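Quick caveat, the model's predicted, so the values are computed rather than measured. Throughout, protein chains are lettered first and strands after them, A, B, ... in sequence-line order, and every chain is numbered starting at 1.
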Amino acid sequence: MCETCGCGDPEIIPVDVRTHILSENERRADHNRQHFVESQVLAINLMGSPGSGKTALLEATAASGSAGLRLVAISGDLATERDALRLREAGIEALSITTGSACHLDAKMVHHALHRLPWQEADLLVVENVGNLVCPAVYDLGEALRVVALSVTEGEDKPLKYPVMFQRADLVLLTKCDLLPHLEFEFEALREALERVMPEPRLISISARTGEGLEAWNEWLQRSRNACREPTRRV
Amino acid sequence: MHEYSIVGALIAEVEAEARRRGASRVHRVQVRLGERSGVEIELLREAYALFREGSICATAPLEIEPIPARWGCPECGLLLREGAPLRCAPCARPATMLQGDEILLQRLHLEVA
């Protein structure tokens with residue numbers, strides 16, 4: 001190396017990159033979304049804590065006729081295929097993604113699952129994410145809508161504790177609402193918490209056990225499905 | 001704990017960019033993380049310290065710029081104060097997020113021959 005002028009020294013240059021760190025996942029999610037839009041299938045990313053009642057909600061949805069919509073499901077779980085088995089017993093064509101140690105589903109896992117499921121024949125594809133209020137919020141799967149199941153026993157402060165999960169949700173389902181008489185749950189406190197993390201809070205109280213709220217949920221599904229069939233609307 | 005998966009994606013992005021630019025080494029990695037991105041700064045640092053070994057980032061320090069969350073009214077531009085309901089009361093419009101959801105690889109310092 002030339003010690004006089006430094007010629008031949010390696011040059012260090014700053015490079016502005018400004019790309020999303022998860023751009024690979026974003027790309028795959030857009031690819032999934034394109035499939036869903038072309039096939040006019042409403043894809044929903046269903047998230048919530050472990051035990052919030054996501055699988056029970058889908059079982060009850062199927063039992064109630066799911067507004068006449070044909071429903072298929074992909075179910076993410078760390079270690080078992082239990083949820084998918086339960087869904088199949090409820091008459092829902094369902095496939096399991098066993099994530100091993102991953103705390104969330106990503107767009108690639110969903111894409112692989114799509115190849116093993118006759119989802120194009122359905123009206124509604126529900127991806128039941130891994131039970132977790134943190135990690136799944138970060139990964140776009142290509143869904144049109146995000147639904148968060150929050151059970152009444154988790155407490156009304158959860159939206160403030162896990163704002164990222166709720167801020168991007170299109171709908172919050174307050175599950176297990178048949179338990180409300182046994183709890184000191186402040187409905188107003190939940191409303192106020194949601195207003196602070198969601199620009200347009202939408203909430204349906206629902207019980208898979210008594211059927212309360214299923215009609216409103218089915219109506220929401222029907223409306224959303226109709227909206228995704230309108231070619232002019234961006235989903 | 002998805003920060004491991006985020007760091008895996010980060011290092012892959014850095015490697016791709018370095019390859020594109022014909023760089024032999026990376027001297028610095030600068031990242032922007034929004035307060036409401038769902039990624040924790042400290043966890044990301046820990047994951048990076050583990051994952052960078054043996055990669056092109058092995059000797060490159062990670063600098064993280066935190067971006068605070070800001071919400072505003074799309075109609076009148078009113079900036080909402082922190083913790084307030086995400087709605088512009090005068091315009092009766094839902095607020096939009098102006099910043100705070102960034103998960104960005106912002107800048108690299110690359111060594112080129």
Side-chain angles (χ1 to χ4, degrees), chain A residues 1 7-28 47 78 99-109 129-130 132-140 159-160 162-170 191-202, chain B residues 1-14 16-18 20-21 23-40 43-44 69 71 73-74 80 82-88 93-97 100-113:
Chain A
M1 229 146 286
C7 66
D9 281 353
E11 194 187 347
I12 297 168
I13 54 161
V15 175
D16 285 329
V17 187
R18 293 198 190 107
T19 55
H20 196 299
I21 291 176
L22 295 176
S23 59
E24 180 64 16
N25 186 69
E26 305 276 299
R27 195 183 58 75
R28 290 176 190 273
M47 296 175 278
L78 293 183
T99 59
S101 59
C103 46
H104 59 272
L105 295 178
D106 64 26
K108 186 181 180 180
M109 295 177 199
N129 219 311
V130 179
N132 182 333
L133 278 182
V134 184
C135 315
V138 181
Y139 294 83
D140 185 1
L160 297 175
Y162 301 91
V164 180
M165 174 57 73
F166 288 88
Q167 82 193 10
R168 294 182 197 161
D170 296 284
R191 243 180 220 299
E192 281 176 22
L194 287 177
E195 282 173 3
R196 282 168 168 73
V197 294
M198 287 172 81
E200 293 181 83
R202 287 191 196 91
Chain B
M1 171 82 179
H2 52 295
E3 281 75 8
Y4 285 104
S5 129
I6 306 266
V7 161
L10 169 65
I11 291 175
E13 288 286 332
V14 173
E17 190 63 30
R20 247 194 311 276
R21 306 259 177 183
S24 53
R25 277 183 74 190
V26 180
H27 283 257
R28 199 183 292 179
V29 177
Q30 293 175 321
V31 161
R32 282 191 175 178
L33 273 192
E35 182 188 354
R36 290 286 166 88
S37 65
V39 182
E40 288 300 320
L43 294 178
L44 193 73
W71 296 81
C73 173
L80 299 185
E82 206 183 322
L86 300 179
R87 206 172 170 76
C88 175
R93 285 281 299 269
T96 48
M97 185 178 252
D101 61 351
E102 298 81 356
I103 308 178
L104 281 185
L105 168 56
Q106 181 68 9
R107 199 170 221 230
L108 291 172
H109 286 223
L110 298 177
E111 180 174 318
V112 289

key: Top contributor to chain B contacts, counting heavy-atom pairs under 4.5 Å, from I13(A), V134(A), D106(A), V138(A)   = I13(A)
ask   = What heavy-atom pair brings D101(B) and R168(A) nearest, and what distance separates the two atoms?
value = CB-NH2, 3.8 Å
query = If every non-hydrogen atom of L22(A) is compared with every non-hydrogen atom of I6(B), which pair is closest and at what distance?
reply = CD1-CD1, 3.8 Å
request  = To the nearest 0.5 Å, tell me how far L108(B) CG sits from I12(A) CD1.
outcome  = 12.5 Å
ask   = Mind checking whether S5(B) and H104(A) have side chains closer than 4.5 Å, heavy atoms only?
value = yes
note = What one should report as the nearest heavy-atom pair of L105(B) and I21(A) is N-CG1, 3.5 Å
ask   = Are there more than 12 heavy atoms of other residues, nucleotides or ligands under 6.0 Å from atom CD of E195(A)?
value = yes
query = Given that the side chain runs from C-beta out, which part of Q167(A) has a heavy atom under 4.5 Å from chain B: side chain, backbone, both or neither?
reply = side chain
query = Does any heavy atom of chain A fall under 4.5 Å from the side chain of S37(B), the backbone, both, or neither of them?
reply = backbone
inquiry  = Within the supplied structure, the quantity of interest is the number of heavy atoms (other residues, nucleotides, ligands) at a distance under 6.0 Å from R27(A) CZ; does it exceed 12?
reply    = yes
note = Honestly, the part of M165(A) sitting under 4.5 Å from a heavy atom of chain B is neither
Inter-residue atom distance S23(A).OG - I103(B).CD1, 0.5 Å rounding = 11.0 Å
ask   = Checking H20(A) against chain B: side chain, backbone, both or neither under 4.5 Å from a heavy atom?
value = both
query = Looking at CD of Q30(B) and CZ of R18(A), how far apart are the two atoms once the value is rounded to the nearest 0.5 Å?
reply = 11.0 Å
ask   = At their closest point, which heavy atom of A95(B) faces which heavy atom of P199(A), and how far apart are they?
value = O-CB, 3.4 Å
key: Residues forming a ring pair (Phe, Tyr, Trp, His ring centres under 6.0 Å) with Y162(A), sequence neighbours excluded   = none
query = Among A137(A), P136(A), P163(A), who wins on heavy-atom pairs under 4.5 Å with chain B?
reply = P163(A)
remark   = Shortest non-hydrogen pair, H109(B) vs P14(A), comes out as NE2-CB, 4.0 Å
remark   = When every non-hydrogen atom of V15(A) is compared with those of E17(B), the smallest separation belongs to CG1-OE2, 3.9 Å
remark   = When the 4.5 angstrom heavy-atom criterion is applied to V31(B) and chain A, the contacting part is side chain
ask   = Who pairs with R87(B) by side chain to side chain donor-acceptor pair (under 3.5 Å), at least two apart in sequence or on another chain?
value = none
task = Considering only heavy atoms and a distance below 4.5 Å, find which of R32(B), M97(B), Q106(B) pairs most often with chain A.
result = Q106(B)
ask   = Has the side chain of E13(B) got a donor or acceptor atom that lies under 3.5 Å from a matching backbone atom of T19(A)?
value = no
request  = Could you look at R28(B) and say if it's the side chain, the backbone, both or neither that has a heavy atom under 4.5 Å from chain A?
outcome  = neither
